[in-house]
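Structure first, then comments.
Quick note: residue numbers are just sequence positions, from 1. Worth knowing before you read on, the calculation uses all heavy atoms, side chains too, and leaves out hydrogens, waters and symmetry mates. Please read all numbers here as calculations on a predicted model, not as lab measurements.
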Amino acid sequence: QVQLVESGGGLVQAGGSLRLSCAASGRTFSSFAMGWFRQAPGKEREFVAAITWTAGNTYYPDSVKGRFTISRDNAKNTVYLQMNSLKPEDTAVYYCATISPGGVLFGNWWSQEERYDIWGQGTQVTVSS
């Protein structure tokens, strides 16, 4: 059974940086892409970043483009989210998720929650003003 475990969250001042990690475990782990989503209190979960596992193509919404960087270490089955110039509105629980290979993807698949089939438990990021 594949599991995703996030780490690296915490409290940071506005303008600061954090790096989140998401480690995948399980002998059968295989991924087409991995993504980060976040959910703030009282709000819907939203897409933050995604990366394809083999080619390393990356995707971001405008809200984080230029501030956040997603990367992966295939040997460690780990994906990272480097977050710079953090703002109070970045405060949320951050989740990583993976899309297993073999599915049919179309449109802006990277931002669609329903395309991701395994999720981590989340890590809290709090940005103080």
Side-chain angles (χ1 to χ4, degrees):
Q1 176 124 7
V2 174
Q3 288 187 320
L4 302 179
V5 179
E6 301 98 333
S7 61
L11 174 64
V12 65
Q13 289 188 329
S17 299
L18 280 176
R19 188 176 83 152
L20 306 183
S21 299
C22 173
S25 62
R27 290 185 301 167
T28 60
F29 176 72
S30 179
S31 175
F32 169 74
M34 294 191 73
W36 288 94
F37 289 75
R38 67 186 180 188
Q39 187 167 24
K43 295 187 177 181
E44 293 186 352
R45 191 153 56 184
E46 64 174 353
F47 168 70
V48 175
I51 186 167
T52 57
W53 200 246
T54 301
N57 297 324
T58 59
Y59 307 87
Y60 305 93
D62 288 343
S63 58
V64 307
K65 197 173 292 184
R67 300 189 299 124
F68 290 10
T69 302
I70 188 171
S71 61
R72 87 270 191 237
D73 184 330
N74 298 53
K76 295 182 178 179
N77 286 345
T78 299
V79 65
Y80 304 97
L81 184 67
Q82 178 67 44
M83 304 185 294
N84 299 329
S85 303
L86 283 162
K87 306 175 182 180
E89 51 264 43
D90 294 319
T91 294
V93 177
Y94 283 70
Y95 299 89
C96 72
T98 185
I99 300 175
S100 299
V104 177
L105 302 173
F106 53 89
N108 295 340
W109 56 265
W110 53 85
S111 64
Q112 298 168 357
E113 284 187 54
E114 61 271 24
R115 303 300 176 192
Y116 294 81
D117 44 14
I118 301 173
W119 290 77
Q121 82 289 348
T123 185
Q124 176 71 46
V125 171
T126 303
V127 184
S128 63
S129 57

Say you draw a straight line from [atom1] of [X] to [atom2] of [Y]; how long is it, rounded to the nearest 0.5 Å?
| X | Y | atom1 | atom2 | answer |
| --- | --- | --- | --- | --- |
| Q1 | T28 | CD | OG1 | 8.5 Å |
| L4 | Y95 | CG | OH | 13.5 Å |
| Q124 | Q39 | CD | CD | 11.0 Å |
| R38 | R45 | CZ | CZ | 13.5 Å |
| I118 | F29 | CD1 | CZ | 7.5 Å |
| S129 | Q13 | OG | CD | 9.5 Å |

Which heavy atom of [X] sits nearest to which heavy atom of [Y], and what is that distance?
| X | Y | answer |
| --- | --- | --- |
| A14 | P88 | CB-CD, 4.1 Å |
| R72 | I51 | CD-CD1, 3.4 Å |
| A49 | L81 | CB-CD1, 4.0 Å |
| S17 | S85 | OG-N, 4.4 Å |
| V48 | V64 | O-CG2, 3.3 Å |
| L105 | I99 | CD1-CG2, 4.3 Å |

Return yes if some donor-acceptor pair links the side-chain N/O of T123 with the main-chain N/O of G9 below 3.5 Å, else return no.
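Such a contact is found between T123 side chain and G9 backbone.
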
Check whether N108 reaches the backbone of S111 with its side chain - one donor and one acceptor, N or O, closer than 3.5 Å.
no

Between [X] and [Y], is any pair of side-chain heavy atoms under 4.5 Å apart?
| X | Y | answer |
| --- | --- | --- |
| D117 | T98 | yes |
| I70 | Y59 | no |
| D90 | M83 | no |
| W36 | E6 | yes |

Does anything in residues 51-129 form a disulfide bond (SG atoms under 2.5 Å apart)? List the pairs, not counting sequence neighbours.
C22-C96

Should the ring pair F68 and Y94 be called parallel, tilted or perpendicular, given that the plane angle runs from 0 to 90° and is split at 30 and 60?
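Tilted.
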
Shared hydrophobic cluster for V2 and W53 (ILVMFWY, side-chain gaps under 4.5 Å):
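V2 and W53: one cluster.
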
Hydrophobic cluster membership, with links at side-chain heavy-atom distances under 4.5 Å among I/L/V/M/F/W/Y: are L18 and Y80 in one?
no

Ion pair D62/K65, N-O distance below 4.0 Å
yes

So does Q3 have more than 12 non-hydrogen atoms from other groups sitting under 6.0 Å from CD?
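Open: at most 12 neighbouring heavy atoms sit under 6.0 Å from CD of Q3.
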
If the condition is ring pair (Phe, Tyr, Trp, His ring centres under 6.0 Å), which residues does F37 pass it with, not counting sequence neighbours?
F47, Y116, W119

